[in-house]
Amino acid sequence: MTEFKHTSRALRALCVLAALAAPAAFAQSTSVKVENAWARATAPGQKTGSVYVDLTSASDAALVAVGSPLAARAELHSMSTEGGVMRMRALPRVELPAGQTVKLAPGGTHVMLVDLKQPLKAGDKVPLTLSVQSSGLSLTTLKIEAEVRAVGAANPHQH
Ligand SMILES: [Cu+2]
């Protein structure tokens with residue numbers, strides 16, 4: 001009998017917590033359309049990989065973090081050509097303005113997989129998590145898969 005009382009008190013406490021947490025979590029969740037996710041097949045010995053994807057967010061948001069179980073870490077990079085030299089830099093975030101399709105594509109913004117745990121072979125799937133922050137500051141984690149394609153040469157840049 002005593003035990004039963006304890007349980008119901010604990011349950012009541014849980015319900016209160018859930019009620020407090022729910023409205024904020026649902027009101028600000030972001031809906032993002034993910035299309036054309038693919039990764040470039042790696043050359044033998046290559047320890048980095050590039051992933052590309054088209055993202056369209058229903059509301060103003062930003063891609064703030066990426067991850068993959070196939071790499072030690074994943075980073076957001078931009079790439080540009082300055083005086084004929086390809087330069088790349090890490091980005092803290094990629095803005096996703098409402099209703100606009102933002103394309104992560106070769107020669108531009110990309111997801112870089114650093115310290116790959118295995119080669120990326122054509123036809124394989126690369127699991128990825130994308131952390132999207134809405135303007136209301138809430139974080140949504142998207143789980144996607146990028147298909148590995150053998151396109152052109154290996155990465156134009158190596159770490
Ligand atoms: Cu890069």
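The figures that follow rest on heavy atoms only: side chains count, while hydrogens, waters and symmetry mates do not. Counting starts at 1 for both ligands and their atoms, in listed order.
A donor-acceptor contact shorter than 3.5 Å links the side chain of Gln46 to the backbone of Thr48.
Not one N/O/S atom of Met79, from backbone or side chain, sits under 2.8 Å from the Cu ion (ligand 1).
Annotation: angle subtended at the Cu ion (ligand 1) by Met88 SD and His110 NE2 is 110°, to 10°.
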Quick one: side chains of residues 113-121, donor-acceptor pairs under 3.5 Å with protein atoms, not counting sequence neighbours, listed by atom name and distance.
residue	atom	partner	partner atom	Å
Lys117	NZ	Pro69	O	3.4

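Note on His77: its N/O/S atom closest to the Cu ion (ligand 1) is ND1.
Under the side chain to side chain contact (heavy atoms under 4.5 Å, CB included) criterion, Arg93 pairs with Ala62, Val64, Glu95, Gln133, sequence neighbours left out.
The aromatic rings of Tyr52 and Trp38 are tilted relative to each other, their planes meeting at an angle between 30° and 60°.
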